2 protein chains.
Amino acid sequence: MALQLAVSSVILALRPSPDDDGDDGGGVLGLWIPLVRRIREPYEGRWALPGGPLGEGCGLEQAARNALTTSTGLDPAYLEQLYAFGGLDRSRDRENEGPDPDRVVSIVYWALVRAEEDQAAVRAHNVEWFPVDALPDLAFDHIQVIDYALARLRAKILYSPIAHAFLPTEFTLAELRAVHEAVLGRELDPANFRRQTLASGGVEPTGRRLEGTNHRPPSLYRYRAESVATSPTPPPRSAS
Amino acid sequence: MALQLAVSSVILALRPSPDDDGDDGGGVLGLWIPLVRRIREPYEGRWALPGGPLGEGCGLEQAARNALTTSTGLDPAYLEQLYAFGGLDRSRDRENEGPDPDRVVSIVYWALVRAEEDQAAVRAHNVEWFPVDALPDLAFDHIQVIDYALARLRAKILYSPIAHAFLPTEFTLAELRAVHEAVLGRELDPANFRRQTLASGGVEPTGRRLEGTNHRPPSLYRYRAESVATSPTPPPRSAS
DNA sequence: TCAAAAGTGTTTGAACTACACCCATGC
DNA sequence: GCATGGGTGTAGTTCAAACACTTTTGA
């Protein structure tokens, strides 16, 4: 009956797709999400977004970072508030009707993380990664929350240098294009992508080249300092 | 020390600007916001966004509607969640440092209302309307919240039929253009605005004309049913 | 007849698409 | 050489800005 406030996160990483038949090195990239298995009613045993109650000692964004670290062991390269949910039918398993639960308001963040090699090592208990196009049955309406986060990502990559969050500091335009293609789910013309990206001014050549390919070595680029951002557009600091 | 959850709203209406020297009928339109004077510390006596604690019996959006009705007596023609604020320095008057206050998380909505004639009659106690370009000193960092809402409105009017919220069911293209000009703060080419608006398909002619002008009577238009929306893009219903 | 706004047409330039083509490297 | 992706050039299209121009009403 007391008011509860929870924070959860849609965490997105890029990894080779599971349907990658070919055993060649690269493979097609796809989006993956870590989910946690619920150990309490409602929806016990179902997969859900990682999160938890808002701690006493931290703000909303910090709480989202904590959930993120717990489930992935990584720092988010990008973190933005998605939406605050607070309907009255909340926290209620609509399949198993029970007594009226506590009122829960939850604030959802979405995050982008760079897929590190040691990520599998930090795989926490009860946490598993799923490709976004092969998600299991989810608790609550988390599937809609994920869809909303994906829509936001796909919209934002068109006008924001957000792909930076998936890449190392130096990268080739082909790698950058692969990120865009994975997020948008369609192929892009390499020539036009190059022109638009360079014309936008968000990226600049480092002067180095990537050696070791079996073809012409591509130039390496980095994001210009002004264009990167861990925080999103312009949400103010606080309010009441 | 207990967790408090509050909901407040940036309510925007379109009215003739105060700097309208000429006494002609029309006048230049501008955005206005209702503010309430605080009757408690912190920031007692300062103007603030209307709002209040989240009631037991209603969801977040309903709570925003309630605050809106209290301060304007109007129904919102458009209502969308803006942001959830929950920093640790919240609810603290930074000029008069006091003892640690309760932890307050507040969820802010933004709303568009049609300016009705009887709106002045419903002017509630402690509520006053201000033009957005002549706001008084505000409590907390509400000025930044308002700036954020304005940025969202200006961005959204470019790709969304949101101007509908400021207009009656039938309107001329000049009236629609005046709404866009007031929101964007610059003049628009009537010819190009007409072509773009009609080509977008969001609007259709009613067949009627507006009589009584002292020039050629303009056609009346209405928004097509599919393009209007009281709710925003696509936020899901609930979550945990 | 004139002022004023409605409404139409036309030119220009920017930006994107599609696709042809050359370049540089490993094999 | 030749396959492969890096990188450039270019014609066609779409779209919006700018602005000249015609139309229709009230006064």
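Here is the naming used below: chain letters follow the sequence lines, and residue numbers restart at 1 for every chain. Not measured: the values here are computed from a predicted model.
Taking atom CG of A/L173 as the reference point, atom C1' of D/dT8 lies 14 Å away to the nearest angstrom. The distance from atom CG of B/L188 to atom P of D/dC19 is 15 Å, rounded to the nearest whole Å. With rounding to whole Å, B/L158 atom CG is found 12 Å from D/dA16 atom P. In this structure, the CG atom of A/L198 is 15 Å from the C1' atom of C/dA15, given to the nearest Å. The CZ atom of B/F193 sits 15 Å away from the C1' atom of C/dA5 (whole-angstrom rounding). B/D189 places its CG atom 13 Å from the C1' atom of C/dG9, with the value rounded to the nearest Å. In this structure, CG of A/N192 is placed 15 Å from P of D/dT10, rounded to the nearest angstrom. Straight-line distance from the CZ atom of A/R209 to the P atom of D/dG5: 17 Å, rounded to whole Å.
Residue-level contact check: B/A199 touches neither bases nor backbone, having no heavy atom under 4.0 Å from any strand. Residue A/Q196 is in sugar-phosphate contact alone, with no base atom involved, counting any heavy-atom pair closer than 4.0 Å across all strands shown. Nucleic acid contact class of B/T213 (heavy atoms, under 4.0 Å, all strands): sugar-phosphate only.
One N or O donor and one acceptor, one from the side chain of B/R195 and one from the base of C/dG9, sit under 3.5 Å apart.
In terms of position along DNA chain C, the nucleotide closest to B/H215 lies nearer the 5' end than the nucleotide closest to the other residue of the pair A/G212 and B/H215.
Among B/R194, B/Q196, B/E181, the single residue meeting the side chain to side chain contact (heavy atoms under 4.5 Å, CB included) criterion with B/L188 is B/E181.
Taking both residues in full, the closest heavy atoms of A/V36 and A/L49 are given as CG2-O, 4.0 Å, listed atom of the first, atom of the second, then distance.
Within the structure, every side-chain polar atom (N or O) of A/R216 is placed at least 4.0 Å from both OP1 and OP2 of D/dG5. An OP1 or OP2 oxygen of D/dG7 is reached within less than 4.0 angstrom by a side-chain nitrogen or oxygen of A/S219.
A tilted orientation is assigned to the rings of A/Y223 and A/F171, their planes being inclined by 30° to 60°.
Taking the six-membered ring for Trp and the full ring otherwise, B/W110 and B/Y78 have centroids separated by under 6.0 Å.
The neighbour count for A/E187 CD, taken as heavy atoms of other residues, nucleotides or ligands under 6.0 Å away, does not exceed 12.
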